[in-house]
Amino acid sequence: MSASRASLSLLRTLVPYKTQTRAVTYMPRPGDGSPRPVTLIPGDGIGPLVTNAVEQVMEAMHAPVYFEKYQVHGDMKQIPQEVIDSIRKNKVCLKGGLRTPKGGGVSSLNLHLRRELDLYASLVDCCNLPGLPTRHENVDIVVIRENTEGEYSGLEHEVVPGVVESLKVITKFCSERIAKYAFEYAYLNNRKKVTAVHKANIMKLADGLFLESCREVAARYPTIKYDEIIVDNCCMQLVSKPEQFDVMITPNLYGNLVANTAAGIAGGTGVMPGGNVGAEHAVFEQGASAGNVGKKKMVEQKTANPLALLLSSAMMLRHLQFPAFANRLEEAVKNVILEGKYRTKDLGGDSTTQQVVDAVIAKIE
């Protein structure tokens, strides 16, 4: 081998080629680059901080989206009609957390939004992120939750003073369509297993109907393994051996508990993205509901973690068919986490929201 060829070989060893991240088989359709309007709801608590983080990053990326911003707060009696109309027109919304008053008969605006737009599927992506130490490794769980019925149906009344009846509603239609969505997601993303979470040993009719629907849909996907787990055993298995789970499909209440548990195991609610989707509309927000409004001190000190909503906005960009922008944003966030220099308190650091945002912008290529 000549000296020059030997030198070139050594150089290639010391300086590896830059990884090619662009998809060589992607061909956009004419007009795919047109800017898309997105309804933006900053929300309550830390919501304005983290949604502003997304606005800054989108501007720095020159992403082909622009926001129509509306002020909605959890103590309102209902979501203004102009907001609903904006989401119906734009088809896509990004929102911060909305504080739900406890008791007092005030209904949740989050539930109102899901029902009004029929956002029947909630998806929370819970996976280990390189550079973020956790108790468990190889966690890669997607929790898909039925979003419109179950214990969240809101059918409560006082039978007699001191006795309240709350109804859990499970229907064949809603159970079957969430099962179809879960198996379709697994099929499209090359996932190997779908686990249905239930309490059919006690709620034999309601959760029994949910399982019956899941089994019928599972039979149409013979290449995807299907199993079932009782919700209490599921929680124990999640905290002891979370790596055994892949895609999890749940009724409404169980899904809220499972998603927040899985998020905590995988690295915390501050880094887990998510969204709610229906046949016509999608609303993207922090994946796990715990901490999505935050504490007053966090708002005052401006130390909220923006990474979950930034990853949710990457999910939104992919939904809008802007895959290159989604990849750039996702890689920038992952690189900031891997580097570990800028982290908010929930991840063991002392950075402010703005410092993390600036770090993400600096990593965008």
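All values below come from the heavy atoms of this structure, side chains included, with hydrogens, waters and symmetry mates left out. We're numbering straight along the sequence, starting at 1.
Under a 3.5 Å cut-off, the side chain of Asp44 and the backbone N or O of Arg99 do form a donor-acceptor pair. The closest donor-acceptor contact from the side chain of Asn52 to the backbone of Pro48 lies at 3.5 Å or more, if one exists at all. A donor-acceptor pair is defined here as one N or O able to donate and one able to accept, closer than 3.5 Å; such a pair exists between the side chain of Thr171 and the backbone of Cys174. Side-chain atoms of Asn260 come within 3.5 Å of backbone atoms of Asn256 as a donor-acceptor pair (strictly under, hydrogens ignored). For Ser312 (side chain) and Glu285 (main-chain N/O), a donor-acceptor pair under 3.5 Å exists by modelled atom type. Remark: side-chain polar atoms of Asp32 are paired, donor with acceptor, to backbone N or O of Arg29 under 3.5 angstrom. Not one N or O on the side chain of His198 forms a donor-acceptor pair closer than 3.5 Å with the backbone of Glu228. The backbone N or O of Ser175 lies less than 3.5 Å from no partner atom in the side chain of Ser213, so there is not a single donor-acceptor pair. Here the side chain of Glu158 pairs a donor or acceptor atom with the backbone of Gly162 at under 3.5 angstrom. Side chain of Asn276 to backbone of Leu119: no donor-acceptor contact under 3.5 angstrom is found.
In this structure, the separation between CG on Leu317 and CD on Glu330 is 10.5 Å, given to the nearest 0.5 Å.
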Assess whether side-chain hydrogen bond (donor to acceptor under 3.5 Å, both in side chains) is satisfied between Asn305 and Lys345, documenting all intermediate values. CA-CA 8 Å; Asn305 189 343; Lys345 187 176 181 180; over 6 Å; no

Mind running side-chain hydrogen bond (donor to acceptor under 3.5 Å, both in side chains) on Glu68 and Thr39 for me, showing each step along the way? CA-CA 5 Å; Glu68 297 178 359; Thr39 305; 4.6 Å; no

Test log, rule side-chain hydrogen bond (donor to acceptor under 3.5 Å, both in side chains), inputs Gln355 and Thr353: CA-CA 6 Å; Gln355 287 173 326; Thr353 304; over 6 Å; no

Could you walk me through whether Asn252 and Thr148 pass the side-chain hydrogen bond (donor to acceptor under 3.5 Å, both in side chains) check? CA-CA 7 Å; Asn252 209 335; Thr148 61; over 6 Å; no

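Contact between Val194 and Ala182 at its shortest, heavy atoms only, is CG2-O, 4.4 Å.
More than 12 non-hydrogen atoms from other residues, nucleotides or ligands lie less than 6.0 angstrom from NZ of Lys199. Atom NZ of Lys193 is surrounded by more than 12 heavy atoms from other residues, nucleotides or ligands within 6.0 Å. No more than 12 heavy atoms of other residues, nucleotides or ligands sit less than 6.0 Å from atom CD of Glu137. Within 6.0 Å of atom CG in Asp350, 12 or fewer heavy atoms from other residues, nucleotides or ligands are found, so the atom counts as exposed in its surroundings. Environment of NZ in Lys241: sparse, with no more than 12 heavy atoms of neighbouring residues, nucleotides or ligands closer than 6.0 Å. Within a 6.0 Å sphere centred on CD of Glu59, heavy atoms belonging to other residues, nucleotides or ligands number 12 at most. More than 12 heavy-atom neighbours from other residues, nucleotides or ligands sit within 6.0 angstrom of NZ on Lys172. Heavy atoms from other residues, nucleotides or ligands lying under 6.0 Å from CG of Leu205 number 12 at most.
No side-chain heavy atom of Gln354 sits under 4.5 Å from any side-chain heavy atom of Lys302. By the 4.5 Å heavy-atom criterion applied to side chains, Gln301 and Thr352 are not counted as neighbours. Between Leu40 and Cys93 the shortest side-chain heavy-atom distance does not fall below 4.5 Å. Contact annotation: the side chain of Ile41 never approaches that of Leu94 to less than 4.5 Å [non-hydrogen atoms, C-beta and beyond]. Glu149 is listed as a side-chain neighbour of Glu146, based on a closest heavy-atom distance under 4.5 Å. Arg145 is not listed as a side-chain neighbour of Tyr254, based on a closest heavy-atom distance of 4.5 Å or more. In this structure the side chain of Glu156 never reaches within 4.5 angstrom of the side chain of Leu167, judged on heavy atoms. Side-chain contact between Pro130 and Lys334: absent, with no pair of heavy atoms (C-beta onward) separated by less than 4.5 Å.
Within the structure, ring-ring contact (aromatic ring centres under 6.0 Å, His included) pairs that include any residue of residues 268-321 comprise Phe284-His319 (at least two apart or interchain). Listed by first and then second residue, the ring-ring contact (aromatic ring centres under 6.0 Å, His included) pairs involving residues 42-85 amount to none (not counting sequence neighbours).
In summary, the side chains of Asn327 and Arg318 do present a donor paired with an acceptor at a separation below 3.5 Å, with no hydrogens or angles considered. Checking Asp227 against Thr195 by side-chain atom types alone, a donor-acceptor pair falls below 3.5 Å.
Using a 4.0 Å cut-off between charged nitrogen and carboxylate oxygen, Lys225 and Asp246 do not count as a salt-bridge pair. Using a cut-off of 4.0 Å between Lys/Arg side-chain N and Asp/Glu carboxylate O, Arg88 and Asp85 are scored as not salt-bridged. Using a 4.0 Å cut-off between a side-chain N of Lys or Arg and a carboxylate O of Asp or Glu, Asp358 and Lys363 do not qualify as a salt bridge.
Arg215 forms no cation-pi arrangement with Phe210, by the criterion of a distance under 6.0 Å to the ring centre and an angle within 45° of the ring axis. Under the 6.0 Å distance and 45° angle rule, Arg220 does not count as a cation-pi partner of Phe183.
In the hydrophobic clustering of ILVMFWY residues, with side-chain heavy atoms under 4.5 Å counting as a link, Val217 and Tyr185 come out together.
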